[in-house]
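The chains referred to below are lettered A, B, ... by the order of the sequence lines, with proteins before strands, and numbering in each begins at 1. It should be emphasised that the depicted structure is a prediction, and the values quoted were computed from it without experimental measurement.
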Protein chains: 2
Amino acid sequence: MDKKQIQEERTRGYFVEATKNILRSEGVKGISVRSIADAAGYSFATLYNYFRDVRELVFICVGDFRQEASEWITQKTMAAKPGLPRIEALAMAYADYFVEYPGIFQLFFIEKLNEISNSQQTAGLVYNFLSDLCTTDCEVATVSGQLGNEELKDRIELINNLVAGALLFYLNRISPPSYTDFRTSLQKQVAMIVQGKG
Amino acid sequence: MDKKQIQEERTRGYFVEATKNILRSEGVKGISVRSIADAAGYSFATLYNYFRDVRELVFICVGDFRQEASEWITQKTMAAKPGLPRIEALAMAYADYFVEYPGIFQLFFIEKLNEISNSQQTAGLVYNFLSDLCTTDCEVATVSGQLGNEELKDRIELINNLVAGALLFYLNRISPPSYTDFRTSLQKQVAMIVQGKG
DNA sequence: CAAAATTAATGAACATTGTTCATTAAACAA
DNA sequence: TTGTTTAATGAACAATGTTCATTAATTTTG
């Protein structure tokens with residue numbers, strides 16, 4: 001019984017890993033039942049012995065990617081000064097991650113997770129991602145004066161919306177036209193919110 | 001030669017109208033070559049005598065919908081006080097329109113317009129929509145003091161990103177869970193930007 | 001160890017997509 | 001009326017997700 005469980009989990013892992021690789025390299029457009037199964041070394045039909053459908057499989061990747069993104073972002077923001085400055089840096093690194101992996105942006109924000117059992121959970125994983133990244137620096141900034149905790153949380157929620165929208169336009173609509181423009185524009189906007197006007 | 005032109009344009013119009021009806025009622029998920037042709041009273045193959053592919057047809061609707069949305073929004077914001085207050089109202093009505101027609105939100109912001117000839121133009125139509133709506137009130141607010149023109153434009157661009165992101169989360173991810181929550185939260189955020197902090 | 005029973009892996013098949021193209025039907029010109 | 005251009009169409013194809021009965025493998029049992 002235990003061996004069953006382990007083998008089954010392992011096979012599921014092969015499919016998940018294959019899916020993650022495709023999402024990273026080609027994005028959602030590269031995903032198909034047959035491409036995943038090929039990459040995993042199985043027939044497309046086998047996939048349905050381990051997952052209800054292809055969307056379940058795809059959304060399982062969200063948790064893994066959030067973890068990877070979290071490490072990528074904390075790495076990039078280690079040098080920043082704790083508190084408000086690092087909150088700014090976190091928001092920008094958060095944006096940069098999705099610019100680096102636009103396929104994951106699409107998975108997180110655009111692909112809709114209908115009718116799947118744990119959809120609410122996955123949605124929270126995405127929605128609270130930036131807030132969670134900012135938790136410790138939020139406390140630091142609150143303790144060291146300047147801003148009330150509630151006020152700061154509201155601003156981070158605003159930045160959460162702001163960055164998602166900016167990415168949506170930039171990655172989907174080609175506006176601003178260049179990464180540099182996108183980056184400086186967003187930087188300015190985030191700073192304006194964090195520092196309370198500019 | 002003239003009759004040809006007129007008839008051709010008329011037939012194109014039937015397809016466009018059919019597409020718009022489907023987009024309004026069912027959204028992008030209701031769109032297929034066959035469903036459009038059915039609604040237009042033609043065979044699916046006929047569509048290809050008038051449009052390069054189904055995406056060209058779908059994106060032709062963007063201009064029409066922008067016009068319709070523009071009227072809807074100006075109607076809803078007529079009573080608001082010109083200048084900064086109406087800019088706030090415009091941003092909220094803009095959001096409300098897409099809540100009312102989520103299928104059009106998807107068309108505008110999510111459906112990607114690849115490789116189509118006038119894609120850049122269509123992208124601008126979407127990206128500059130809110131800014132254009134605010135043009136006159138932007139001037140009013142600038143003339144009547146308070147805020148520099150450039151500064152105000154920057155803030156409207158920020159609100160543009162903000163609203164798009166908030167809608168993305170609300171319509172795609174079910175967060176906030178209720179319309180009331182979404183509405184009050186966004187209201188507060190927009191006010192904070194327009195009034196420079198809160 | 002061999003036979004039986006359970007479990008895993010698979011290809012055939014179906015429905016639905018977008019798209020192309022040769023053929024039919026219609027409108028028009030001679 | 002006949003010949004020609006043009007519009008409308010269904011057949012056909014490839015790619016998609018999904019289901020299911022059938023193989024192949026593995027485990028259990030006598």
Interatomic distance where CZ belongs to Arg10(A) and P belongs to dA8(C) [whole Å]: 13 Å

Sugar-phosphate only, base, or nothing, as touched by Ser32(A) at under 4.0 Å among non-hydrogen atoms: sugar-phosphate

Nearest atoms (heavy-atom pairs only) where Tyr101(B) meets Trp72(B): CE1-NE1, 4.3 Å

Whole-Å distance separating the CZ atom of Phe51(A) from the C1' atom of dA8(C): 15 Å

Separation of atom CG in Asp38(B) from atom P in dT9(D), rounded to whole Å: 11 Å

Below 4.0 Å: OP1/OP2 of dA8(D) and any side-chain N or O of Tyr50(B): yes

Interatomic distance, Arg55(B) CZ vs dT17(C) P [rounded to whole Å]: 17 Å

Integer-rounded Å distance: dA8(D) P and Arg12(B) CZ: 13 Å

Cation-aromatic face contact Arg12(B)/Tyr50(B), 6.0 Å, 45 degrees: no

Touch class at under 4.0 angstrom, heavy-atom based, for Val54(B) against every strand present: sugar-phosphate

Under 3.5 Å donor-acceptor pair, Asn49(A) side-chain atoms to dA8(C) base atoms: no

Touch class at under 4.0 angstrom, heavy-atom based, for Tyr42(A) against every strand present: sugar-phosphate

Between dG10(D) (C1') and Leu47(B) (CG): distance, integer Å: 15 Å

Nucleotide of dA9(C), dG10(D), dC20(D) approaching Ala45(A) most closely (side-chain heavy atoms): dC20(D)

First of Gln7(B) and Phe44(B) reached from the 5' end of DNA chain C, by closest nucleotide: Phe44(B)

Glu8(A) CD - dA8(C) P separation (whole Å): 6 Å

Under 4.0 angstrom between Tyr48(A) side-chain N/O and dT18(D) OP1 or OP2: yes

Under 3.5 Å side-chain donor-acceptor pair for Asp132(A) and Tyr127(A): no

Distance below 4.0 Å between Ser43(B) side-chain N/O and dA8(D) OP1 or OP2: no

Salt bridge present between Asp96(A) and Lys76(A) (N-O < 4.0 angstrom): no

Residues Phe129(A), Tyr94(A); criterion ring pair (Phe, Tyr, Trp, His ring centres under 6.0 Å); working and verdict: CA-CA 9 Å; Phe129(A) 187 18; Tyr94(A) 173 84; 5.6 Å; yes

Length of the CZ-P vector between Phe15(A) and dA8(C), whole Å: 13 Å

Nucleotide of dA7(D), dG18(C), dG17(D) approaching Arg34(B) most closely (side-chain heavy atoms): dG18(C)

